[in-house]
Number of protein chains: 2
Amino acid sequence: MLQIERRQMIIQYLEDHEIATVEELSKLLNVAPMTIRRDLQYLEDNGIATRTFGGAVLKSKLIAEIPYENKSLSKIDEKKRIAEYAASLVQNGQVIILDAGTTNMEIAKLLIKKQNLVIVTTDLKIAVYISSTTDFNVLCTGGNVQNSTGSCLGSNAVDFLKGINADICFIGSSSIDVEHGITTPSLQKSDIKKQMIKCSECKILVADSSKFGKKSFIKVCDLNQFEKIVTDSSLNEHTNVEIKNKNINLILV
Amino acid sequence: MLQIERRQMIIQYLEDHEIATVEELSKLLNVAPMTIRRDLQYLEDNGIATRTFGGAVLKSKLIAEIPYENKSLSKIDEKKRIAEYAASLVQNGQVIILDAGTTNMEIAKLLIKKQNLVIVTTDLKIAVYISSTTDFNVLCTGGNVQNSTGSCLGSNAVDFLKGINADICFIGSSSIDVEHGITTPSLQKSDIKKQMIKCSECKILVADSSKFGKKSFIKVCDLNQFEKIVTDSSLNEHTNVEIKNKNINLILV
DNA sequence: TATAATATGTTCATAAATGTTTAAGTATGT
DNA sequence: ACATACTTAAACATTTATGAACATATTATA
């Protein structure tokens, strides 16, 4: 197993269990405890985990942004299932807004099988992917490109979106909380998502279950703004009930 | 098996598995580990994969899916030489406009070694490439994405450029004629190039010699608009003399 | 066909990752 | 405070991966 792979699994384990001991990780991954310590040191240096005596916990609920490569490896199966459901909501000929991120990339991979869509996105990789594989009308918002993710930010992107009337938007988020709604680490990202929601008829939130119960800095909107919230079935029971109590259409795939 | 074929299979393998070790690729493809390392080095240089100790992970699936190889295979050496000269004109800290196309992609590959640039481009692939490999400020114009090339067109892109003041723009063209100047097959492309030229201090035309002596429909500008025209030394003598007679700074690399 | 250019294989010194040992540090119960 | 059990990190040993240099094979070109 490669080093990066092992570190990825530690992140995955932490996402699932919130906490892990050096010993259990050492046994699980069949490496010396010292190796696990060095891995945890790396994760701490990169702001992903916080070391404790005997193990580590995920960095506080106010999560920072994890680099793209790490993200794309984690929860990939869940994302594919979420994407499958999301794509089933799309009719041929519709105008679709896709938010940036790996979950929306998974949706994009399925949408190319549809006919005659208009795709609007801030994610350059999604724009390149769809435009190179279909004859859809692909619109890219433009703006400042965020180096870590390849997505457009800034007033140009927001202004571009203001001119759009879409049938459906798919919004991704890494911080979803029943009480505080969805939040982002930057004002710019929040502005983009707000505008995407504003100019779409139907709003769908797509995010794997690890994103729930987390808060970031800038609020985008409350959960009741969405027609549907699509996530995977590992969502913890408490959150599940809380959302359903609010009469929100929660889809577990 | 051809080299390009093998590299294609590595990309395919990475797309399926997200991650791969040198050893498994070596066994799978029946070549020496060193060959795999060289392949992975190539893929990393081209922004397709990220190497790790012992293997590699996929960077972003899209660049791989684009028929880059095919396009850029023609006149690739000439383009690299042209790009080398073009890149040498760029100072750290400058604002650069890059037109769409493979020659400008070659320039982009060299610009990532500079410091602190601001890059403005209509080419999504260039935007993704530079933003994912540097901390430069990358601006993408946005607009309608042309499906065949992955570049932005339309009034959004032109309007975006109107707000830019650049030090240098690098313009590509497939139709250059001493008498008729540079021409494009569509009004949209012409509008973009015109605006790029208008908002740049210094204008450089980059095109391999096969593009000379050709005419298309919509005129962009005359050749004397450019501070320098950079092409390869296979340019035919007649055109060479004609351009120099017009007192234009022609660079043959 | 001969020759040049390119791609691939091999070897080996170097570097990186991991394992092991051990002294010092930390938590916890009495 | 003390003893005990556990955790840590430094130092060194071991394993494994890497890339440079050169040899060989393959492909392109004259």
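Proteins come first, then strands; the chains are lettered A, B, ... in the order of their sequence lines, and each starts at number 1. Here the structure is a predicted model, which is why all the values come from computation and not from measurement.
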Fill in the blank from the handout: Nucleotide by nucleotide, nucleotides 12-24 of chain D touches protein heavy atoms under 4.0 Å in the pattern (B base, S sugar-phosphate only, - none) -----SBBB----
When the distance from [atom1] of [X] to [atom2] of [N] is rounded to whole Å, what number comes out?
X	N	atom1	atom2	result
L40(A)	dT18(C)	CG	P	13 Å
L25(B)	dT8(C)	CG	P	14 Å
I36(A)	dT20(C)	CD1	C1'	16 Å

Problem - D123(A) backbone acceptor or donor facing S151(A) side chain under 3.5 Å - result: no
Problem - Donor-acceptor pair, side chain of K125(B) and main chain of T149(B), under 3.5 angstrom - result: yes
Practice task
State whether R6(A) places a side-chain N or O below 4.0 Å from either non-bridging phosphate oxygen (OP1 or OP2) of dA17(C).
Solution key: no
Handout entry: Heavy-atom side-chain contact between L153(B) and K189(B) under 4.5 Å
Key = yes
For [X] and [Y], does a side-chain donor sit closer than 3.5 Å to a side-chain acceptor?
X	Y	value
K228(B)	Y85(B)	yes
E242(A)	T239(A)	no
K79(A)	T102(A)	yes

Problem - Contact nearer the 5' end of DNA chain C, comparing V31(B) with M1(A) - result: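 Per heavy-atom nearest nucleotide, the more 5' residue is V31(B).
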